[in-house]
Amino acid sequence: MDDITFNDDNAKSFVSDKEIAALQPEIDRLHVDLEQGQGAGSDCLGWLHLPSETPATTMDAIESTRRKVSGQCNAFVCIGIGGSFLGARAGISFLSSAFGNSRGPEIFYAGQNLDSDYHSDLLERLVERDVCINVISKSGTSTEPSIAFRLLRDFMIKKYGKEGSRERIVVTTDAKDGPLKRLADEEGYLSLVIPDNVGGRYSVLTPVGLFPMAVAGIDIRAVMEGALKAEKALSDSADLSKNSAYRYAANRHLLFRKGKTIELFAAFQPSLEHISEWWKQLAGESGGKEGGGIFPASVQYTADLHSLGQWVQEGNRILFETFLWVENPTRRLKIPEGAGGEDGVGYLAGKTLDFVSEKAYKGAVAAHLEGEVPSLAVTLKERSAQSLGQLFYFFERAVAMAGYLSKVNPFDQPGVESYKRNMFTLLKKPGYEKDE
Ligand code: PA5
């Protein structure tokens, strides 16, 4: 794995090498559990070897569907919630311009909230555009995307007719079950399959994430090649001096045991903002159960150094940070000589923004460590499809191991059902009335 490096130097005053090494026998055992499907949630381990085992027919189906769609739209709406949209959004925003997608249709998201204003604004924006939509739901029953799909399907049928909208609607769902699967079959929509044994938040390397990324112009074969490198490196050996994902998991585990119950995912580059959102779901929904688990939060520096930075430096000492950093920006913008007049940054003329940003990074790490906030660092070589694939796989592997280390099933999410039950009762959903 050459695009990602992990470093725990700035956590060593809290977690010693000896303590890490002491976890090795347990990690060896849990690695075997993962690889041999002997641990909790073993029916959800399809993600482990997706990079090496995804059939060519799946990649071909994604690409042929992309060709059908891309040629006829300049607006593409991705409908989904949780694991059914966060990965695609993370990948697309990581590799797009900060101000939109220049390599394909403009990408919009729907069904991740229940806001009338948001969805009305979206529908208004789409009126004058050539539109295709992709509804993504493994269960086919999530309320938010189901409502958004209903709104957008109505919109598409009004705009293109029933027949015309058929070739503009792509459904990504289960191979056999669920209302969305039945609807796709009845209506003859283009369909892509989510493998049975891959859960929502581990599904970014299936058509769930790959298809929207392909529509956005991302080289998804390069994403999978990157992920494959990570798969090989992280499956081959559980040795904590070699397996960086497990070393990250071991550090998190020990920091948590020492009272560091919040992990602040800190990124300096705005292209990482939605990677943080994807990671929060992956880590939070996988680890937060049975009264335990690290609370995953995120900050976007340097902006948040001017707001939450105060709390990080001097607030409750229950934090550790995981810095995510891209080593080589795509372009390097120099600070100009300036047009005269003292603006206080003349001493930086000729330096790049990234040079300054790196000093802010190093400065924050040192200051926070002094304030008893240890930190871990994940560094990406560059903003490339290969790096992205490695990053996705790295965090999936790490979060799965972290779940096993804390003796929970990292692949279920029983807690998210409670709000749904209450909401369905309040909405008088058929079958839920009697709970009132
Ligand atoms: O990780 C998970 O399983 C969840 O976050 C799901 O992805 C999310 O609830 C959406 O589910 P579905 O794809 O069934 O609509």
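Owing to the predicted nature of the structure, the values given are computational and were not obtained by experimental measurement. In each ligand, atom 1 is the first atom listed, and ligand 1 is the first ligand listed. Only heavy atoms go into these numbers, but all of them, side chains included; no hydrogens, no water, no symmetry mates.
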Minimum-distance protein heavy atom relative to atom 14 (O) of ligand 1 = S139 OG, 2.6 Å
Donor + acceptor pair across side chains of Y301, E321 (<3.5 Å) | yes
Going by the atom numbers of ligand 1, which of them fall below 4.0 Å from some non-hydrogen atom of E285?
-> 1 (O), 2 (C), 4 (C), 5 (O)
Quick one: which of G178, G83, G284 has a heavy atom closest to atom 6 (C) of ligand 1?
-> G83
Is it true that E290 and K407 make a salt bridge, defined as a side-chain N closer than 4.0 Å to a carboxylate O?
-> no
Counting from 1 in the order shown, the ligand 1 atoms closer than 4.0 Å to a non-hydrogen atom of K138 are 12 (P), 13 (O), 14 (O)
Which heavy atom of the protein is the closest neighbour of atom 5 (O) of ligand 1, given with residue, atom name and distance?
-> Q281 NE2, 2.5 Å
Shortest heavy-atom approach to atom 3 (O) of ligand 1 - which of S203, S84, G200 = G200
Give a yes or no on whether E128 atom CD has more than 12 heavy-atom contacts from other residues, nucleotides or ligands under 6.0 Å away.
-> no
Scan side-chain atoms only and decide if D219 and Q386 contain a donor-acceptor pair under the 3.5 Å cut-off.
-> no
Which protein heavy atom lies closest to atom 8 (C) of ligand 1, and at what distance to 0.1 Å?
-> I81 O, 3.7 Å
Sidechain N-carboxylate O distance under 4.0 Å for K420, E417 = yes
What atoms of ligand 1 come closer than 4.0 angstrom to any heavy atom of S142?
-> 10 (C), 11 (O), 12 (P), 14 (O), 15 (O)
Contact (N/O only, under 3.5 Å) between K420 and ligand 1 = no
Going by atom type alone, with no hydrogens or angles, which donor-acceptor pairs under 3.5 Å involve a side-chain atom of residues 143-154 and a protein atom two or more places apart or on another chain?
| residue | atom | partner | partner atom | Å |
| --- | --- | --- | --- | --- |
| E144 | OE2 | Y419 | OH | 2.9 |
| S146 | OG | S142 | O | 2.6 |
| R153 | NH1 | Y189 | OH | 3.1 |

Please check if any side-chain donor atom of T425 sits under 3.5 Å from a side-chain acceptor atom of N422, or the reverse.
-> no
Can you list the ligand 1 atoms lying under 4.0 Å from a non-hydrogen atom of R201?
-> 1 (O), 2 (C), 3 (O)
